[in-house]
Amino acid sequence: MIDIIENVSKESGEVSANKIDWLTVCKIEDITKNTGVCANFNGKQVAIFHMKKAKDSDGIGGISEVKAVCNVDPFSAASVLSRGLITEKDNQFFVASPLLKQEFCLETGQCQQDDAIAINTYKARIDDELVQLMEA
Amino acid sequence: MSEMKKSRKQKVVVVGNGMVGHHFIDQLISHNNDDFQVVTFSEESRLAYDRVMLTSYFIGNTADDLALTSPQAYDEQGVEYFIDTQVVDIDRDKKTLITATDQIISYDKLVLATGSYPFVPPVPGKDQKNIHVYRTLDDLDAIAESAKSSHVGVVIGGGLLGLEAANAIKQLGLQTHVVEFAPRLMAVQLDQEGGDLLRSKIEDLGVCVHTEKNTTEIIAGENCRYRMNFADGSFLETDTIVFSAGIRPQDSLARISGLSLGERGGIVINDQCLTSDENIYAIGECALWDNKIFGLVAPGYAMAKSAVSHLTRGGLNGEVKTFSGADMSTKLKLLGVDVSSLGDAHGNTAGSQSYSFVDSAAGTYKKIVVSSDSKKLLGAVLVGDTSDYGQWLQLVLNKIELSQPPEYLLLPEIDGDSANAAAGVEALPDSAQICSCYDVTKQHLCDAVNAGAHDISALKSCTSAGTGCGGCVPLVTQVLNSELEKAGVSINDNLCRHFAFSRVELFDIIRVKQLRTFDELLTECGEGEGCEVCKPAAASMLASLWNEHVLAEELVGLQDTNDNYLANMQKDGTYSIVPRVPAGEITPEHLILIGSIAKKYNLYTKITGGQRIDLFGAQLNQLPLIWQEMVEAGLETGHAYGKSLRTVKSCVGSTWCRYGVQDSTEMAITLEERYRGIRSPHKVKMGVSGCARECAEAQSKDFGVIATDKGWNLYVAGNGGMRPRHADLFASDLDDATLIRYIDIILMFYIRTAERLQRTSVWLEGLEGGLDYLKDVVINDKLSINDELIVQISHLIETYECEWKVTLNDPQKLKRFNHFINSEALDSNVIFTTERKQIRPAIKKNIVMI
Ligand SMILES: Cc1cc2nc3c(=O)[nH]c(=O)nc-3n(C[C@H](O)[C@H](O)[C@H](O)COP(=O)(O)OP(=O)(O)OC[C@H]3O[C@@H](n4cnc5c(N)ncnc54)[C@H](O)[C@@H]3O)c2cc1C
Ligand code: SF4
């Protein structure tokens, strides 16, 4: 754990020095596939999800991708979305709130059960095994 | 003046707040709340309760469970009520009532729903202490009180109610006798052969039956409190007596106020349920229609509906419903024996012929009465096996022409002949009444199916069919299936958009192909990436088969909220923790430890309904710390987070309790340790009581075990909570090994065949063939799968590990128990405040203030 924190501060120092806005938060191996974690990103709680499909279109084992949204569930004001279940519909990924199960699109933040509600999204990428975030 | 009168609410006074009086009020209010002011009087000490279920008061149901309404509900509905208040007179000219407490109440419309009272023959000595009748909850309290100082109990009267009363006395642990004047039991419903078979079955249960006994006096006894002398010179000694010698309509108010009565009592009513006074209705057991009294609840409800319909001029839908008599067919379970009688059971119709079939090995008796041309079924008697009841009743009620010679009806069903049965429902006219408790016709059901009620539970909840005595459920299911088939709706039980298979099919696929991960399952038979339906369902099935740790790398992403972190998430994102306390038995050391952990981590503590302790307000990072301390002290996870066995609730049983007949705590511990951790389609609760007093409320559990002096009675598919259901008696007087074997098989069969998130209650109700089928599977191994089921459950039992203990030893798993992946900080959104000396989540207002 300590290890990573040092890693993070070093990385983040590096990125800001390079004036690139990507901030490293952890390694991809820190996020068990098809689950999420919560990261402290510039003082904000961000939920990051690691998707790895069962099979890709070519039928071979999938590659990892990451998505990031606000960690706070707007319905309960609890910081829990990173602990939600990842769901898929028509090739789009969602996270279902672990509390009352409303789903939020990981691409757009749009709530599926209530048109009026959407949550913040962040840019996320895997760069050489590191998970990085950027304000959208 | 007349203008004013119209705008004022009509005052409707209902005398008698029994089942029918209450149903009337309920219907009136749901039809039309604004036009009526409703007042009701009950001479009993409480508002309406379910008299039909009276006997269950002795086997676990409380007065509250039986209540059909409550003072709060009446207050909310604006119904004025007076309990403990007898109405003693009616002044029909002034349109007022007088109560025993000298109140005078006016009415615009009066409804007499005074029911009936038990008839007690004028036997000398009948008015002593410990001699009772069987009609009200107060009677039952008095009987239970007498039982405390009694060894022997006698019921006078071997009719339907008498046998119910005998059951109650037996449940209270008394040596039980039934004394009947007629030559057979249930003389009204059964013929001699049926009565004889019922008698032998009941005697097998240890109840002594004495027929053709005319009690002449009750005097002091030698060995017991009383001695009953019979006309034939014989006698019987007993400590408690319950009279159940028939009922008489309670028509005294009508009598003194000069309403027309029948020759042998009963308040005469017409098809609108009006008495000879146009402002007075009579409904339920006090009413006499076409010279008949209806001693069942369904006809009373039908009368209540007619009266409401007349009073509201057809109510909302304008259709005036008249009362046109009711079928008196009955299907009952008396002392565990199925009995039913339908239509003209005695062959009273001119020219009718009867056929009967006795299978003494199976203990079943069937008799049919058919018309002189053998074309129509007129009536029937069934003892021991009443599975034909629903189908036959429809043949009788709708006068359907038989397609085969009548004796075919009696032959044991040939396997695979159920297609015939389905043809049966299609032959029914649309007007056929399928559910007699709630008067639901085939047309109602078809309409509901076509309006989208595509499964049995939806159909039940929108039509109420099958929610009364439940006897019609098989037929309702047949109507549903035939209707769906007609509409070309293939019965779609696909799990979700990712799998075109039902849970049962997927379970088999996983089992046969030995699939271990969700990815394998998707590759094998699914598409896409899964969702909130199929992921947890797959996690549950994989666990039910292979029992791998739920946080294993391939499985963790499938887990639902609580399983995901092995704790129960609360509204603010914190967790609650429940260590296992098998059977609720806990040492002072463990109690102190739990207390000190709660204190150390500042957790809110509450005792659960399942005899455990729940600790609330733990943050994610605290879970491993807390569990470390628990596990070190020898506590293990309680699986409060899992769809799996929760608790086995128990009483102290024979170890401490002076009534206990078996060691219920030890059995509960055995069961809890046997089945802990096994993942199932939904949570499973069990209970074990040390005697029939049922302090552990086992009959509200999925598996209920109640001690008898010979062993254990096993009950299945009970439920508390939102959809309460009394468990069904599955088998009696089992020894320990058989009890456990049966639970093993039923539990695994449930795991295999239930839908996702289906409790055992709904599962059993949906199982074609119901309880009898389940018995056949478990007891007779009908499907020849019991060995396999036992192997499977044994695997689960043998591979049990405390999930927290394993987690604490695995750094990879522990990594997830931190709020942030990149910081040790805690979640700043979690804020507590204090209430009643403990923490609780701060509500928004508090957060702002802080
Ligand atoms: C043990 C038992 C088992 C039964 N099992 C079945 C069954 O399996 N199936 C079935 O269909 N039926 C069964 N019944 C019958 C069923 O309970 C009755 O048909 C039903 O309760 C009749 O309802 P009711 O409202 O007409 O009368 P009740 O429920 O008797 O209500 C009448 C009420 O009016 C009150 N009352 C009377 N006079 C006055 C007055 N002057 N002032 C104030 N209050 C008054 C009475 O105290 C009573 O509370 C059973 C009955 C018993 C006792
Ligand atoms: S505590 Fe148990 S044994 Fe004692 S009366 Fe209650 S159920 Fe029976």
Side-chain angles (χ1 to χ4, degrees), chain A residues 1-2 4-5 7-9 12 23-27 30-41 43 45-46 48-55 59 61-62 71-73 76-101 103 131, chain B residues 496-498 517-524 526-536 539 551-565 569-575 620 811-816 818-831 841 843-844 847:
Chain A
M1 218 33 358
I2 304 291
I4 295 168
I5 289 170
N7 203 340
V8 170
S9 43
S12 47
L23 195 77
T24 298
V25 289
C26 63
K27 299 189 198 142
D30 295 331
I31 316 180
T32 312
K33 71 166 183 177
N34 300 322
T35 71
V37 297
C38 167
N40 179 343
F41 174 61
Q45 295 198 16
V46 176
I48 310 170
F49 299 93
H50 171 190
M51 272 76 61
K52 192 166 180 181
K53 292 188 179 179
K55 52 185 178 197
N71 190 42
V72 179
D73 173 8
S76 62
S79 336
V80 292
L81 289 184
S82 65
R83 303 178 218 158
L85 199 76
I86 301 172
T87 71
E88 176 267 348
K89 186 178 182 182
D90 301 333
N91 250 326
Q92 270 205 318
F93 285 107
F94 303 83
V95 61
S97 163
L99 286 164
L100 296 176
K101 308 288 157 88
E103 288 168 284
V131 178
Chain B
C496 66
R497 58 183 179 268
H498 299 103
T517 68
F518 186 65
D519 284 354
E520 285 172 18
L521 183 64
L522 269 178
T523 314
E524 182 69 39
E527 58 186 52
E529 300 301 315
C531 63
E532 74 288 357
V533 173
C534 59
K535 281 182 169 182
L551 301 188
E553 184 174 355
E554 286 290 343
L555 302 177
V556 62
L558 310 174
Q559 307 299 341
D560 211 343
T561 307
N562 294 341
D563 270 323
N564 202 1
Y565 290 92
M569 185 185 280
Q570 304 300 330
K571 59 193 273 188
D572 60 347
T574 65
Y575 290 88
L620 195 55
Q812 194 62 32
K813 294 194 173 74
L814 282 178
K815 246 165 91 174
R816 299 177 58 247
N818 225 343
H819 188 71
F820 293 106
I821 190 75
N822 57 351
S823 144
E824 296 284 340
L826 298 183
D827 178 7
S828 55
N829 275 345
V830 172
I831 302 169
I843 47 178
K844 284 250 167 61
I847 295 179

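All chains are named by letter (A, B, ...) in the order of the sequence lines, taking the proteins before the strands, and each is independently numbered beginning at 1. Note that this is a predicted model, so its numbers are computed, not measured.
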If one checks every heavy atom of B:Glu520 against chain A at 4.5 Å, the contacting part turns out to be neither

In terms of heavy-atom pairs under 4.5 Å with chain B, which of A:Val37, A:Leu85, A:Leu100 leads? A:Leu85

Of all of A:Gly36, A:Gly84, A:Ala78, which one pairs up most often with chain B through heavy atoms under 4.5 Å apart? A:Ala78

Once you round to the nearest 0.5 Å, how far does CG of A:Asn34 lie from CD of B:Gln559? 12.5 Å

Partner of B:Asp519 under side chain to side chain donor-acceptor pair (under 3.5 Å), picked from A:Lys33, A:Lys53, A:Lys52, is A:Lys33

Return the CG to CG distance between A:Leu23 and B:Asn822, rounded to the nearest 0.5 Å. 8.5 Å

Could you tell me which of B:Val556, B:Leu558, B:Asp560, B:Thr561 has the largest number of non-hydrogen atom pairs under 4.5 Å with chain A? B:Thr561

Say you draw a straight line from CG of A:Asp73 to CG of B:Asp572; how long is it, rounded to the nearest 0.5 Å? 12.0 Å

Regarding B:Ser823 and A:Asn40, is there a side-chain donor-to-acceptor distance under 3.5 Å anywhere? no

When rounded to the nearest 0.5 angstrom, what distance separates OG in A:Ser82 from CD1 in B:Ile821? 9.5 Å

Measuring from A:Ile31:CD1 to B:Arg816:CZ, what's the distance to the nearest 0.5 Å? 11.5 Å

For residues 87-97 of chain A against chain B, heavy atoms under 4.5 Å, the residues are A:Thr87, A:Glu88, A:Lys89, A:Phe93

Taking A:Met51, A:Gln45, A:Lys101, A:Arg83 one by one, which has the highest count of heavy-atom pairs under 4.5 Å against chain B? A:Arg83

Can you say whether B:Tyr565 sits under 4.5 Å from chain A via the side chain, the backbone, both, or neither, judging by heavy atoms? side chain

dist B:Leu551:CG -> A:Thr35:OG1 (nearest 0.5 Å) comes out at 10.5 Å

What I'd like to find out is whether the side chain of B:Asn564 reaches to under 4.5 Å of the side chain of A:Pro98, using heavy atoms alone. no

Within the 4.5 Å heavy-atom criterion, are B:His819 and A:Ser79 side-chain neighbours or not? yes

Heavy-atom contact with chain B under 4.5 Å, split by part of A:Val72: side chain

Interface moiety of B:Leu620 toward chain A, non-hydrogen atoms closer than 4.5 Å: side chain

Any idea which heavy atoms bring A:Asp30 and B:Lys815 closest together, and the distance? OD1-NZ, 3.1 Å

